[in-house]
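Scope of the values below: all heavy atoms of this structure, side chains included, with no hydrogens, waters or symmetry mates. So that the names make sense, note that chain A is the first sequence line, chain B the second, and so on, each numbered from 1.
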Number of protein chains: 2
Amino acid sequence: MTEVSQSEIAAFLTSAHEMSDISAKVILPYFRQEISVFHKDGKGIYDPVTDADRKSEQVIREYIAQKWPDHSIIGEEYGSQITDSDFCWIVDPIDGTRAFVMGSPLWGTLIGLSHGETQILGMMNQPFTNERFWATADGAFARFGNQERRLKVSACSSLSEAIITTTCPDLFANERDKAQFEKLRQRCQMTRYGGDCYSYCLLALGHIDLIVETGLASYDIAPLIPLVEQAGGVISTWDGSSARAGGQIVAAASKVLHEQALEILAG
Amino acid sequence: MTEVSQSEIAAFLTSAHEMSDISAKVILPYFRQEISVFHKDGKGIYDPVTDADRKSEQVIREYIAQKWPDHSIIGEEYGSQITDSDFCWIVDPIDGTRAFVMGSPLWGTLIGLSHGETQILGMMNQPFTNERFWATADGAFARFGNQERRLKVSACSSLSEAIITTTCPDLFANERDKAQFEKLRQRCQMTRYGGDCYSYCLLALGHIDLIVETGLASYDIAPLIPLVEQAGGVISTWDGSSARAGGQIVAAASKVLHEQALEILAG
């Protein structure tokens with residue numbers, strides 16, 4: 001597998017920005033409108049998908065097919081399209097569909113790119129609040145309001161000073177997972193629920209110190225890995241493996257915090 | 001007590017918009033910066049207050065003192081200043097200080113005005129996302145993005161179809177309150193946590209159907225009452241009394257939903 005050059009990275013990043021722009025135009029007209037919400041086949045829990053979700057992934061896939069026709073694509077709505085290329089785009093058009101349906105802005109469009117086993121690019125776009133977060137090997141950055149800034153996690157290294165979050169305590173896959181999370185959060189300074197992808201951006205910004213979740217798909221988390229790591233944070237599964245495949249995830253502002261969390265979650 | 005004229009209402013509304021504008025300028029430079037967070041004296045739980053919170057209330061109080069010198073003022077940070085006037089402004093400079101500290105945009109500046117026992121004006125301003133919600137006897141309105149719209153609650157009239165929210169389950173004052181909330185939410189379609197004042201705006205927008213909270217102060221809720229009611233919703237304490245004084249609050253998209261919620265919360 002050949003190395004990825006700086007100019008290639010720059011071209012991929014430009015593509016991610018362009019895909020965020022075109023998907024935003026598709027999604028925004030649906031936000032805070034009356035939208036049809038239905039249950040996905042084969043899923044027991046309430047899992048709304050909107051036209052916005054589907055149409056957004058369509059325009060992103062069309063862009064990739066045109067611009068990078070040999071690359072693989074994994075998407076939330078339309079599955080995997082695997083080629084011989086070492087490059088694979090991973091797309092979640094609306095991460096946080098429940099927030100979206102509720103009119104809350106705590107959702108985002110996730111676009112990531114891997115090269116072999118390495119997640120080389122990640123982007124989260126929130127078009128309603130006009131916020132964008134992205135990362136490559138050059139660092140993690142955010143653009144909102146009139147500013148663009150480099151992201152850096154907090155200096156928090158102790159659970160007793162940590163702000164911990166999970167999207168919703170009801171989303172834990174089983175009672176044991178929920179109990180382990182409860183044990184961990186009791187050791188922290190403050191717990192807050194809600195957030196989906198937005199929470200990982202707030203961790204990269206230095207405002208949240210610890211995120212614990214379960215049941216994530218790869219497209220929910222892979223695009224966020226570079227954001228957390230390039231901002232100085234640590235992210236893995238509860239057993240310390242790579243977060244790329246999803247599952248039980250822990251993201252922390254520091255190695256010490258991450259280790260303490262893993263230890264408590266292991267029970 | 002004399003009636004309030006249309007031109008007086010218009011002048012009060014203009015004032016509320018101006019106060020939202022000037023407080024936004026004070027608050028925004030503090031949002032997502034490193035801020036000092038400390039515990040308020042005499043409160044056992046974690047209750048961050050920022051410089052932004054205090055400075056915002058100061059500029060709002062200065063505005064009222066200059067523009068409406070005979071009116072009473074009740075504020076979160078600097079207490080009550082009661083005059084002989086029938087008019088009383090009620091101000092919460094940053095409702096959702098925990099969200100603010102975490103970098104989440106789900107906080108707002110609340111400004112309300114009562115005339116005798118009637119809450120005649122309410123406004124919620126979220127300057128980071130550039131959203132504003134307000135209501136008088138003329139109706140409830142929102143401004144965000146490029147649009148201004150009249151607010152209308154959802155048509156939801158059944159718990160089994162309702163989206164219910166509370167800011168945080170840990171905020172319930174005691175185990176009984178928490179248990180009653182649990183019983184209610186089990187009957188609903190979906191529960192989501194987090195939101196503070198932002199949730200009442202989403203209810204007025206028609207995206208959330210039910211909000212249940214406890215331990216609210218009058219300044220947390222009084223400015224939001226006109227928003228809920230003028231959008232067609234119902235708001236009261238758990239025992240059906242006026243929500244103006246705070247305490248245990250239920251807000252619902254319809255009378256039927258409100259009655260069902262009260263019944264279950266009564267145990």
Run the side chain to side chain contact (heavy atoms under 4.5 Å, CB included) check on B/Ile163 and A/Val101 step by step: do they pass?
CA-CA 10 Å; B/Ile163 298 180; A/Val101 166; 4.2 Å; yes

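- Interatomic distance, CG of B/Leu202 versus OG of A/Ser104, reported as 6.5 Å (0.5 Å rounding).
- Neither the backbone nor the side chain of A/Gln126 comes within less than 4.5 Å of any heavy atom of chain B.
- Interface remark: of the candidates B/Thr129, B/Leu28, B/Leu106, B/Leu106 forms the most heavy-atom pairs closer than 4.5 Å to chain A.
- Atom CG of residue A/Asp209 and atom CE of residue B/Met102 lie 9.5 Å apart, to the nearest 0.5 angstrom.
- For the atom pair CD of B/Gln147 and CZ of A/Arg32, the computed distance is 9.0 Å after rounding to the nearest 0.5 Å.
- A distance of 10.5 Å separates CZ in B/Arg98 from OG1 in A/Thr191, rounded to the nearest 0.5 Å.
- Contacts with chain A were tallied for B/Cys201, B/Ser154, B/Ala99, B/Ser199; B/Ala99 has the most, counting heavy-atom pairs under 4.5 Å.
- At most 12 heavy atoms of other shown residues, nucleotides or ligands fall within 6.0 angstrom of atom CG in B/Asn130.
- Put simply, CG on B/Asp170 and CZ on A/Arg192 are 10.5 Å apart, with the number rounded to the nearest 0.5 Å.
- Using cut-offs of 30° and 60° on the angle between ring planes, the pair B/Tyr193 and A/Tyr193 is tilted.
- Atom CZ of A/Arg187 is surrounded by 12 or fewer heavy atoms from other residues, nucleotides or ligands within 6.0 Å.
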